[in-house]
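All remarks here apply to the structure that follows.
Throughout, numbering of the chain's residues begins at 1 and tracks the sequence. Below, each value reflects all heavy atoms present in this structure, side chains not excepted, and no hydrogens, waters or symmetry copies.
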Amino acid sequence: MRALTWTAADTVAVDTVPEAVIQQPDDIVISVTSTAICGSDLHLLDVMAPFMHAGDVLGHEPMGVVLEVGDDVQSVSPGDRVVVPFVVACGTCYMCRRGLTTQCETTQNRDQGTGATLYGYTELYGAVPGGQADLMRVLRADSNVIKVTGDLPDERYLFLSDILPTAWQAVQYAGVDPGQTVLVLGLGPVGQFASRIARHLGCTVIGVDHVAERREMAARHGIDVLDLDDDLAQGILDRTDGRGPHAVIDAVGMEAHGNPVAALVQNSTRLMPDAIAKRLVKTVGIDRLAALMTAIETVQRGGTISLAGVYGGVADPMPMLTLFDKQVTLRMGQCNVHRWIDDLMPLAEDPADPLGIDDLVTHRGGLDEAPDLYQLFKKKEDGCVKVVLKP
């Protein structure tokens, strides 16, 4: 079968790989009908490259049609349409029962010191082949797949795999009430959805991004947008009675603009032997913290910062005096997708499309076009906000 594979730092390619097959009685195999490129996938090209291997199949935002089911599978049958969450969880352990499926105690990667297994996401998270492929093996199907019973287009359901629940969790973690103000840093796919969700829940939303097309998209959904190059802190204060927002959602993470020294350190690991690079990332790795520092600077005293963007550093300098003095609450973590599906499915299927799901995808292509689309998305060219592939 064809699949998009990691070949080297900053390089992916479509290749022929072994066909996905049933390996355990609770597996299923799906024919992938739609699969998206996530901002987190871009980390595999640089920062996380030391943990990748040539031939790794990428992708963790897929959906498709069930082709084959293992003997123990009860919830779906061949022909069913399903979305696959990026997290593999058992659904029954202590953490899963608490709704923390990304901490699943059954699929935790204890040898790496990380949480639950993820599709298409490095040896740190299980090295399980992802969904940017013709076919995909889905693990622990009864606990994980989201069965689609409606007949709407794929793109109304596809983002339930990751970015829609990620944005929903970010807003929930922000802890805001209707009438309060939320600042969203970064208007990529997660930032777009987080902005719209916060506004849907009755908040006033300010969005920040340096890419004009992303600001224009957010503005179409009632978001008050600011350019990163503006006098940002003053602009935020002017809109929040001089106090700052009640909450800030950082939807940027480690790829923030600025922090040139950190960027140099991150990129330098691509030039090192993997064993050395892995050790450095795990012991002295640092992030570009411009977005997080902006969040700390601008959030009002007693406010909350919710981190939806991915961070991977272990030696990041943090302004603890400021955080303590301002009495800031900080929440973060990989999205517990399964926990939020019951809240989101009705919104995804609502004919009125209250979250503007139909207004997110800017680029589509076949699997063969994926390498070029990865670079387009990474460089934020041609107004690229979200890419969907149709294998």
Q. Which pairs, with at least one residue in residues 182-198 and sequence neighbours excluded, count as a side-chain hydrogen bond (donor to acceptor under 3.5 Å, both in side chains)?
A.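 The answer is Gln192-Arg196.
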**Q.** side-chain hydrogen bond (donor to acceptor under 3.5 Å, both in side chains) contacts touching residues 381-391 (sequence neighbours left out)
**A.**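 Pairs touching residues 381-391 that pass the test: Ser34-Lys390, Glu61-Lys386, His363-Asp382.
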Would a single hydrophobic cluster contain both [Y] and [X], if residues Ile, Leu, Val, Met, Phe, Trp and Tyr are joined by side-chain heavy-atom contacts under 4.5 Å?
X	Y	answer
Phe86	Tyr125	yes
Leu323	Leu185	yes
Met318	Val328	yes
Ile197	Leu360	yes
Val83	Trp168	yes

Counting only heavy atoms not in [X] (residues, nucleotides, ligands), do more than 12 fall under 6.0 Å from its [atom1]?
X	atom1	answer
Arg214	CZ	yes
Asp177	CG	yes
Arg243	CZ	no

So which heavy atom on [X] is nearest to which on [Y], and how close?
X	Y	answer
Leu158	Ala36	CD2-CB, 4.1 Å
Ala308	Val190	CB-CG1, 4.1 Å
Val32	Ala133	CB-O, 3.2 Å
Pro189	Ile163	CB-CD1, 3.8 Å
Gly91	Cys96	N-SG, 3.3 Å
Cys384	Phe377	SG-CA, 3.8 Å

If only side-chain N and O atoms count, and only distance matters, is there a donor-acceptor pair under 3.5 Å linking [Y] with [X]?
X	Y	answer
His60	Asp41	yes
Thr5	Asp15	no
Gln132	Tyr374	yes

Q: List the steps, then state whether side chain to side chain contact (heavy atoms under 4.5 Å, CB included) holds for Leu226 with Ile206.
A: CA-CA 7 Å; Leu226 290 171; Ile206 305 166; 3.9 Å; yes
Sub-3.5 Å donor-acceptor pair from the side chain of [X] to the main-chain atoms of [Y], do we have one?
X	Y	result
Arg239	Gly235	yes
Thr102	Ala116	no
Tyr119	Pro85	no
Asp71	Pro25	no
Gln169	Gln334	yes
Gln112	Asn109	no
Arg110	Glu105	yes

Between [X] and [Y], is any pair of side-chain heavy atoms under 4.5 Å apart?
X	Y	value
Thr7	Val12	no
Leu367	Asp134	yes
Leu67	Pro78	no
Pro245	Val182	no
Met136	Pro62	yes
Lys378	Leu45	yes
Asp56	Phe51	no
Val388	Thr35	no

Q. Given Val82 and Ile30, is the side chain to side chain contact (heavy atoms under 4.5 Å, CB included) satisfied, shown in steps?
A. CA-CA 8 Å; Val82 296; Ile30 68 168; 3.9 Å; yes
Please round to the nearest 0.5 Å and tell me the distance separating atom [atom1] of [X] and atom [atom2] of [Y].
X	Y	atom1	atom2	answer
Gln375	Leu42	CD	CG	8.5 Å
Leu124	Thr117	CG	OG1	11.0 Å
Leu4	Leu58	CG	CG	5.0 Å
Glu123	Thr114	CD	OG1	10.0 Å
Gln180	His246	CD	NE2	4.0 Å

Q. Listed by chain and number, what are the side-chain hydrogen bond (donor to acceptor under 3.5 Å, both in side chains) partners of Gln327, not counting sequence neighbours?
A.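 side-chain hydrogen bond (donor to acceptor under 3.5 Å, both in side chains) check on Gln327 returns nothing, list empty.
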Side-chain donor/acceptor pairs under 3.5 Å, residues 343-357, sequence neighbours excluded:
residue: Glu349; atom: OE2; partner: Tyr157; partner atom: OH; Å: 2.8
residue: Asp350; atom: OD1; partner: Ala352; partner atom: N; Å: 2.8
residue: Asp353; atom: OD1; partner: Gly356; partner atom: N; Å: 3.4
residue: Asp353; atom: OD1; partner: Ile357; partner atom: N; Å: 2.8
residue: Asp353; atom: OD2; partner: Ile357; partner atom: N; Å: 3.1
residue: Asp353; atom: OD2; partner: Asp358; partner atom: N; Å: 3.0

Using distance only, find each side-chain donor-acceptor pair of residues 137-152 under 3.5 Å and give its atom names and separation, not counting sequence neighbours.
residue: Arg137; atom: NE; partner: Asp27; partner atom: OD2; Å: 2.6
residue: Arg137; atom: NH1; partner: Gln23; partner atom: OE1; Å: 3.4
residue: Arg137; atom: NH2; partner: Asp27; partner atom: OD1; Å: 3.4
residue: Arg137; atom: NH2; partner: Asp27; partner atom: OD2; Å: 3.1
residue: Asp142; atom: OD1; partner: Gln74; partner atom: N; Å: 3.1
residue: Asp142; atom: OD1; partner: Ser75; partner atom: N; Å: 2.8
residue: Asp142; atom: OD1; partner: Ser75; partner atom: OG; Å: 2.6
residue: Asp142; atom: OD2; partner: Gln74; partner atom: N; Å: 3.0
residue: Ser143; atom: OG; partner: Cys90; partner atom: O; Å: 2.7
residue: Asn144; atom: OD1; partner: Ala89; partner atom: N; Å: 3.0
residue: Asn144; atom: OD1; partner: His338; partner atom: NE2; Å: 2.8
residue: Asn144; atom: ND2; partner: Ala89; partner atom: O; Å: 2.9
residue: Asn144; atom: ND2; partner: Leu139; partner atom: O; Å: 3.4
residue: Asn144; atom: ND2; partner: Arg140; partner atom: O; Å: 2.8

(Q) Looking at Glu155 and Arg364, is any side-chain nitrogen of the basic one under 4.0 Å from a carboxylate oxygen of the acidic one? (A)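 So Arg364 pairs with Glu155 through a salt bridge.
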Please tabulate, for the side chains in residues 295-305, all donor-acceptor contacts under 3.5 angstrom to protein atoms that are two or more places apart in sequence or on a different chain.
residue: Thr298; atom: OG1; partner: Thr294; partner atom: O; Å: 2.7
residue: Gln300; atom: NE2; partner: Gly244; partner atom: O; Å: 2.9
residue: Arg301; atom: NH1; partner: Asp325; partner atom: O; Å: 3.3
residue: Arg301; atom: NH1; partner: Asp325; partner atom: OD2; Å: 3.0
residue: Arg301; atom: NH2; partner: Asp325; partner atom: OD2; Å: 3.3

Q: With salt bridge (charged side-chain N to carboxylate O under 4.0 Å, His left out) as the test, would you mind laying out the steps for Arg215 and Asp209 before giving the verdict?
A: CA-CA 6 Å; Arg215 296 196 303 272; Asp209 203 288; 5.8 Å; no
